[in-house]
2 protein chains.
Amino acid sequence: MSSASSREPVMADVARLAGVSHQTVSRVLNSHPNVKPATRTRVLVAIEELGYRRNSSARALVTRRTSVIGVVAFDLTLYGPARTLAGIEQAARAQGYFLSMVGLQGVTREAMREAMDYLAQQSAEGCIVIAPQRIVVDALAELAFPLPVVAVEGGEAPGLPVVCVDQRGGARDVVRHLLAQGRHRTVHHLAGPLGWLEAEGRVLGWRQALEEAGRPVPEPVYGDWSSRSGYTLGAQLAADPDVSALFVANDQMALGVLRALAEAGRRVPEDVSVAGFDDIPEAEFFTPPLTTVFQDFAEVGRRSINLLLDRIEAPRSTEPPASDIVPARLIARASAP
Amino acid sequence: MSSASSREPVMADVARLAGVSHQTVSRVLNSHPNVKPATRTRVLVAIEELGYRRNSSARALVTRRTSVIGVVAFDLTLYGPARTLAGIEQAARAQGYFLSMVGLQGVTREAMREAMDYLAQQSAEGCIVIAPQRIVVDALAELAFPLPVVAVEGGEAPGLPVVCVDQRGGARDVVRHLLAQGRHRTVHHLAGPLGWLEAEGRVLGWRQALEEAGRPVPEPVYGDWSSRSGYTLGAQLAADPDVSALFVANDQMALGVLRALAEAGRRVPEDVSVAGFDDIPEAEFFTPPLTTVFQDFAEVGRRSINLLLDRIEAPRSTEPPASDIVPARLIARASAP
DNA sequence: AGCTACATTGTTAGCGCTAACACAATGGGG
DNA sequence: CCCCATTGTGTTAGCGCTAACAATGTAGCT
């Protein structure tokens, strides 16, 4: 390897050792065509010997490309966002991009602008926003940002490229599955919080499936994604004898619901059928195992990087922003067989 | 704001508009002392007017500081890492650093080296590794890396600065709590996978508490953190009439255990007391609510950034690497009251 | 031989910024 | 009224790299 030296080696050091000009070293590093194989080898040997690494700042300065992509996320302890981030990270790395993380300090226009400023400060080339709330998507569509943006899990948004899972289709499938049991007059819905696009999509799908089947559409109840809210609201629903099938907007809330139903003495699935959404790894081990909807977040991450890179490579494309919808998949388990 | 121009404004543009030299603009931006207030104002106005933003690459090139900190994480869908990352992100931003995410492609020396190379390529100034496996910490301690490193959740590691939660203390508290009920001869342990430092710490604390109390120490059973493994191994433990108190190494596995016990007809806590570890938000809504141990991951994130920044500011400090242990807190609930 | 075409390498000029120094302009103290 | 310290500002020289062009060499053809 390299002998300890006072400063990191630079291109000129490699050039000297290889007996070429620094430009030839640059050519080797950038895979330019016209370098004699023998020369290339000498350069590579010199690089290895010195443990040389190209200075990314100098490179970015002259090429005007930082290879940095920003990711803005609101809450990574939620299953979906964490999973999506993992998918994004892998896809970005595979394409030679670096990922810069920014947490959103609150769900406001102001926080959104702040996060974007922060990324612009780093000269990020583009940005993926994992923020499933309507207000964030609206802010994104309104404010003109200095860099290309792709929203993830944003439902349909006007004038904004979006990648998301087909919430509506997933919800429709669940409700159809519940109705197909043949013993429910209708399906009640414990929805996610208002203002969340995923929650809205699931409400839409649920309603559509009921209307399609000519069933009454009860008023949905709104939780906040947490098991706690599932428990509290589940207790109310458990007290309502009309409730015999329940579609809960995510698995965490469904956990709380299962608990509330158990406490109320209503058996699942004998008395009440319950279905969730997300297929978190724990869902299979709820009491009873939860029927739910699987979302391929890794795929969402991959597609969002692709969409973003398209926009980065073709900066002023006149095409309208494309959106990309990943299908959901019903997973039937004992809570609603 | 700014009028549309063919290229982004640079410092010289601001200087021209403010009628000063570009160096004065630089002084204003870097809060140098000797700038007349009137001049400073003129410069700030010009910056605002042009929508000027300093080029971070150029700045990094000359200062030799990128303000980038790398975070290497293995699996962000685990509760602890996701939480820790959030803490790190906030602390880093507050200190003016950017965060670059790298996923570890596997738990090997090779993957570790690869991740570090990737960060070195970006000229990250330092790096926090969220990797709770022994092999990763060993690799970290052995390989000499080109940048300062802090490990998180690494237990005690020789020659490596580490921030972690007091696993041992937390485990000890749980076991003491279970024994204090007065109706258990001993406490069985469903441990985390071998090779995970957190798992090892919890085994140590569990054993210590039992020995302290003069109780027999049964052979621990090893799971893999997943609810599935908790369910499978829980079924075995449920069949053993000696098992009346069970300390499970994390909440996810505890969920599986609760299910297995329920299926085996053993009531919790009447027949078997169960305790977990982590205090995931769902734990309160298990059936029954789970006694567990809270870990302050946000604090862990904060402290790890502080430790890393210390090492970055004082590059060749001769002091041995400091470690930092965050206390754990027992949360008693119905599963082991 | 002489000329063109092309492959290969070197030379030069920045990218946008900060550090170091140079140079006014000021303001007491002798 | 000069001297020197202090304050404010401008000038210059890079940081390490790539793009553009210039300068070789080398082969193929007439």
Side-chain angles (χ1 to χ4, degrees), chain A residues 2 5-44 46-47 50-68 96 120-125 146, chain B residues 2 5-44 46-47 50-68 96 120-125 146:
Chain A
S2 79
S5 136
S6 60
R7 59 156 185 47
E8 292 283 287
V10 298
M11 212 171 248
D13 299 323
V14 175
R16 201 169 313 116
L17 185 61
V20 297
S21 74
H22 70 273
Q23 178 60 359
T24 295
V25 177
S26 171
R27 277 191 271 254
V28 168
L29 286 168
N30 293 306
S31 313
H32 275 237
N34 300 332
V35 179
K36 227 200 297 191
T39 312
R40 174 184 306 276
T41 308
R42 277 215 319 286
V43 168
L44 290 175
I47 286 175
L50 294 175
Y52 167 74
R53 239 192 293 263
R54 183 157 57 172
N55 180 312
S56 60
S57 301
R59 184 173 155 77
L61 178 58
V62 65
T63 59
R64 294 153 182 290
R65 307 214 40 191
T66 54
S67 295
V68 169
Q121 220 183 101
Q122 290 179 72
S123 318
E125 292 187 37
Chain B
S2 78
S5 133
S6 60
R7 60 156 184 47
E8 291 283 286
V10 299
M11 211 171 250
D13 299 324
V14 176
R16 201 170 313 117
L17 185 61
V20 296
S21 74
H22 71 273
Q23 178 60 1
T24 295
V25 178
S26 171
R27 278 191 270 255
V28 169
L29 286 169
N30 293 308
S31 314
H32 275 238
N34 298 333
V35 179
K36 226 198 300 192
T39 312
R40 173 184 306 278
T41 308
R42 277 214 318 288
V43 169
L44 290 175
I47 286 174
L50 294 176
Y52 167 74
R53 240 191 293 264
R54 185 158 54 173
N55 180 313
S56 60
S57 300
R59 184 174 155 78
L61 178 57
V62 65
T63 59
R64 294 153 181 290
R65 307 212 41 189
T66 54
S67 295
V68 169
Q121 221 184 101
Q122 290 179 74
S123 318
E125 292 187 37

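These numbers come from the heavy atoms of this one structure, side chains and all, not from hydrogens, waters or symmetry mates.
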Participant: Base, sugar-phosphate alone, or nothing: which one does B/Thr39 contact when heavy atoms must sit under 4.0 Å apart?
Facilitator: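 Counting heavy atoms under 4.0 Å across all strands, the contact made by B/Thr39 is with sugar-phosphate only.
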Participant: Would you kindly give the CZ-to-P distance between A/Arg16 and C/dT9, to the nearest whole Å?
Facilitator: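 Taking atom P of C/dT9 as the reference, CZ of A/Arg16 is at 19 Å.
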Participant: Both B/Leu61 and A/Arg27 contact DNA chain D. Taking the nearest nucleotide for each, which residue is further toward the 5' end?
Facilitator: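 This one resolves to B/Leu61.
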Participant: Considering every strand and a 4.0 Å limit on heavy-atom distances, what is the contact class for A/Ser21: base, sugar-phosphate, or nothing?
Facilitator: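 Contact class for A/Ser21: base.
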Participant: Could you check how far CD of B/Gln122 sits from P of D/dG16, rounded to whole Å?
Facilitator: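 These atoms are roughly 19 Å apart.
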Participant: Look at all strands and tell whether A/Arg54 reaches a base, only sugar-phosphate, or nothing, counting heavy atoms closer than 4.0 Å.
Facilitator: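 Touches sugar-phosphate only.
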Participant: Using a 4.0 Å heavy-atom cut-off, does A/Arg64 contact any base of the nucleic acid, only the sugar-phosphate backbone, or nothing at all?
Facilitator: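 The residue A/Arg64 makes sugar-phosphate contact but no base contact.
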Participant: What is the distance from atom CZ of B/Arg27 to atom NE2 of B/His22, rounded to the nearest 0.5 Å?
Facilitator: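 Answer for the CZ-NE2 pair, B/Arg27 versus B/His22, is 9.0 Å.
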Participant: Atom OG of A/Ser57 and atom CZ of B/Arg59: how far apart are they, to the nearest 0.5 Å?
Facilitator: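 One finds 11.5 Å between OG of A/Ser57 and CZ of B/Arg59.
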Participant: Just verifying a value: how many Å separate B/Leu29 CG and B/Arg40 CZ, rounded to the nearest 0.5 Å?
Facilitator: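 Between B/Leu29 CG and B/Arg40 CZ, I get 9.5 Å after rounding to 0.5 Å.
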Participant: Between A/Asn55 (CG) and C/dG16 (P), how many Å, whole number?
Facilitator: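 After rounding, the gap between these two atoms is 17 Å.
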Participant: Which comes earlier along DNA chain C counting from the 5' end, the contact point of A/Pro37 or that of B/Leu29, where each point is its nearest nucleotide?
Facilitator: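 Mapping each residue to its closest nucleotide by heavy atoms, the 5'-most match is A/Pro37.
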Participant: Nearest to the B/Arg59 side chain among C/dT18, C/dG16, C/dG14, which nucleotide is it?
Facilitator: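 Comparing C/dT18, C/dG16, C/dG14 against the side chain of B/Arg59, the answer is C/dT18.
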Participant: For A/Thr66 and A/Ser123, which heavy atoms make the closest approach, and how far apart are they?
Facilitator: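 Heavy atoms of A/Thr66 and A/Ser123 come nearest at OG1-O, 2.6 Å.
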Participant: Just how far, in rounded Å, is P of D/dA22 from CD of A/Gln23?
Facilitator: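 Between P of D/dA22 and CD of A/Gln23: 15 Å.
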Participant: Whole Å only: how far is the NE2 atom of B/His22 from the C1' atom of D/dT11?
Facilitator: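 My rounded result for the distance is 8 Å.
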Participant: Among D/dG16, D/dT9, D/dT12, find the nucleotide with the atom closest to the side chain of B/Asn34.
Facilitator: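 The closest nucleotide is D/dT9.
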Participant: Take the protein atom CZ of A/Arg42 and the nucleotide atom C1' of C/dG10, then report the distance between them rounded to whole Å.
Facilitator: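 Between C1' of C/dG10 and CZ of A/Arg42: 14 Å.
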Participant: The side chain of A/Thr63 is closest to which nucleotide in this list: D/dC15, D/dT18, C/dT8?
Facilitator: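 Between D/dC15, D/dT18, C/dT8, the one nearest the side chain of A/Thr63 would be D/dT18.
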Participant: Check every atom of C/dC15, D/dG8, C/dT9 against the side chain of B/Lys36 and return the nucleotide holding the closest atom.
Facilitator: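 Closest nucleotide to the B/Lys36 side chain: D/dG8.
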Participant: So how far is it from A/Arg53 CZ to A/Met11 CE, rounded to the nearest 0.5 Å?
Facilitator: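 Output value for this atom pair is 14.0 Å.
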Participant: Check whether any side-chain N or O of B/Thr24 sits under 4.0 Å from OP1 or OP2 of D/dG8, and answer yes or no.
Facilitator: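 No, no such contact exists.
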Participant: Can you tell me how far P of D/dG16 sits from OH of A/Tyr52, to the nearest Å?
Facilitator: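 In whole Å, D/dG16 P lies 10 Å from A/Tyr52 OH.
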Participant: Find the distance B/Met11:CE to C/dC15:P and express it as a whole number of Å.
Facilitator: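 That distance rounds to 15 Å.
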